[in-house]
Number of protein chains: 2
Amino acid sequence: MRKESSTNAFNEKHIIDSCGMAYTVGLIGGRWKPAILCRLSNKTMRYSELNRDIEGISERMLVAQLRELENDGIVERQVYPEVPPRVEYRLTSLGETLRPVLASMSDWGNMHREPVAANMQEAETMHA
Amino acid sequence: MRKESSTNAFNEKHIIDSCGMAYTVGLIGGRWKPAILCRLSNKTMRYSELNRDIEGISERMLVAQLRELENDGIVERQVYPEVPPRVEYRLTSLGETLRPVLASMSDWGNMHREPVAANMQEAETMHA
DNA sequence: CTCATTTCTTACTTTTTTGTAAGTACCTAA
DNA sequence: TTAGGTACTTACAAAAAAGTAAGAAATGAG
């Protein structure tokens with residue numbers, strides 16, 4: 001939970017308000033958001049797909065990050081009134097404007113780190 | 001300090017190895033790195049300048065973040081053998097390759113958040 | 001009525017990041 | 001000899017982020 005009155009929270013707000021880069025990092029940063037956005041950048045996915053696809057993520061984290069992305073207007077959540085439930089996540093139109101930014105980050109990362117087998121596939125799909 | 005054996009540390013490594021975007025975010029993310037990179041993107045600065053210019057940062061944080069950027073090969077540190085000491089920080093050539101990425105993040109951020117007076121100047125200088 | 005499936009919640013613990021405050025080293029100039 | 005400027009360190013405390021484990025709702029199938 002966040003403590004509105006902390007120096008930390010104050011600093012965060014201030015930086016976000018005075019630096020566009022910090023604002024962007026705030027939206028897409030964190031442990032799991034890149035992994036989520038990377039995937040939703042390519043296609044709509046349902047909750048269980050994301051959960052299976054992103055190795056090591058817990059449901060708590062997955063939901064929390066999706067909610068944040070949703071609240072920030074980057075991702076949208078579509079619920080189908082079925083049982084068992086089906087919920088799909090995709091980029092909003094705002095989220096789509098982020099795509100080139102995400103792609104440039106992804107490309108830079110893939111270019112400048114030691115090549116690891118696991119990335120090969122990802123590196124390709126990002127710019128398919 | 002980091003606990004190498006934690007699930008958290010393991011997950012971080014794994015994601016960084018499997019997602020270029022996560023790798024990039026890992027390098028430039030965090031509370032103060034955007035503010036630092038934003039400035040060093042434009043010009044070489046000495047320690048005290050950064051310290052004055054980045055409102056609210058503590059010396060501990062400034063040094064820590066600069067060290068990380070240095071260890072990651074993005075920023076370089078030049079010490080002049082003078083008294084009182086003079087230390088300058090600038091982007092390395094690897095850091096320069098990051099500039100367009102940083103700029104696109106900065107631009108996106110400035111474009112998509114409520115315009116705040118403080119940003120006007122920054123938004124201009126970024127693409128001068 | 002009980003089970004299975006999917007998409008979450010909730011309460012609690014551990015780990016990581018950030019902040020605070022004080023101190024250090026170096027030389028120079030007064 | 002003492003004060004001053006710059007660039008840090010260090011030890012400790014607070015806050016935030018992430019992990020763990022268990023549970024809950026809704027409903028159709030058997």
Partner set under side chain to side chain contact (heavy atoms under 4.5 Å, CB included) for B:V63, not counting sequence neighbours:
B:Y47, B:R67
Could you list all the side chain to side chain donor-acceptor pair (under 3.5 Å) pairs where at least one residue sits in residues 56-65 of chain A, not counting sequence neighbours?
none
Relative to the 5' end of DNA chain C, which residue comes earlier, A:V87 or B:E12, by the nucleotide with the nearest heavy atom?
A:V87
Yes or no on side-chain contact (heavy atoms from CB on, under 4.5 Å) for B:T92 and B:V75, after CA distance, side-chain angles and deciding distance?
CA-CA 5 Å; B:T92 59; B:V75 155; 5.5 Å; no
Could you name each residue pair satisfying salt bridge (charged side-chain N to carboxylate O under 4.0 Å, His left out) that touches residues 43-58 of chain B, not counting sequence neighbours?
B:R39-B:D53
Rounded to the Å, how far apart are B:Y89 OH and D:dT6 P?
15 Å
I'd like a table of donor-acceptor pairs (distance under 3.5 Å, sequence neighbours excluded) in which one partner is a side-chain atom from residues 21-33 of chain B, with atom names and distances.
residue: B:T24; atom: OG1; partner: A:M105; partner atom: O; Å: 2.8
residue: B:T24; atom: OG1; partner: A:G109; partner atom: N; Å: 3.3
residue: B:T24; atom: OG1; partner: B:G20; partner atom: O; Å: 3.1
residue: B:R31; atom: NE; partner: A:N8; partner atom: OD1; Å: 3.4
residue: B:R31; atom: NH2; partner: A:N8; partner atom: OD1; Å: 2.2
residue: B:K33; atom: NZ; partner: B:E68; partner atom: OE1; Å: 2.6

With sequence neighbours left out, write down each residue that passes side chain to side chain donor-acceptor pair (under 3.5 Å) with B:E96, or none if nothing qualifies.
B:R99
Members of residues 46-67 of chain A that approach DNA chain D, where some heavy atom sits under 4.0 Å away:
A:S58, A:R60, A:M61
On the nucleotide D:dT20, are OP1 or OP2 found under 4.0 Å from the side-chain N or O atoms that B:T7 carries?
yes
Please give, in whole Å, the distance from C:dT16 C1' to B:I15 CD1?
15 Å
Dump the intermediate steps for side-chain contact (heavy atoms from CB on, under 4.5 Å) on A:N11 and B:I57, then the final yes or no.
CA-CA 8 Å; A:N11 282 338; B:I57 199 172; over 6 Å; no
Report the residues that fulfil side chain to side chain contact (heavy atoms under 4.5 Å, CB included) with A:T44, sequence neighbours left out, ordered by chain and then residue number.
A:E88, A:R90
OP1 or OP2 of D:dG19 under 4.0 Å from side-chain N/O of B:N11:
yes
Check DNA chain D against residues 70-85 of chain A and give the residues with a non-hydrogen atom under 4.0 Å, in numerical order.
A:V83
Determine the contact category for A:F10: base if any of its heavy atoms lies under 4.0 Å from a base atom, sugar-phosphate if only primed atoms, P, OP1 or OP2 are that close, otherwise nothing.
nothing
What is the separation between atom NZ on A:K13 and atom C1' on D:dA15, rounded to the nearest whole Å?
15 Å
Between C:dT7 (C1') and A:M45 (CE): distance, integer Å
15 Å
Nearest-nucleotide 5' precedence on DNA chain D, B:E88 against B:N8:
B:E88
What base-paired stems does DNA chain D take part in, with at least 3 consecutive Watson-Crick or G-U wobble pairs and both distances under 3.5 Å?
C:1-30 with D:1-30
What about B:L94 and B:I36, same hydrophobic cluster or not, with Ile/Leu/Val/Met/Phe/Trp/Tyr joined at side-chain heavy-atom distances under 4.5 Å?
yes
With B:R77, which residues qualify under salt bridge (charged side-chain N to carboxylate O under 4.0 Å, His left out), at least two apart?
none
Residues 86-109 of chain A vs ring pair (Phe, Tyr, Trp, His ring centres under 6.0 Å), sequence neighbours excluded, gives A:W108-A:H112
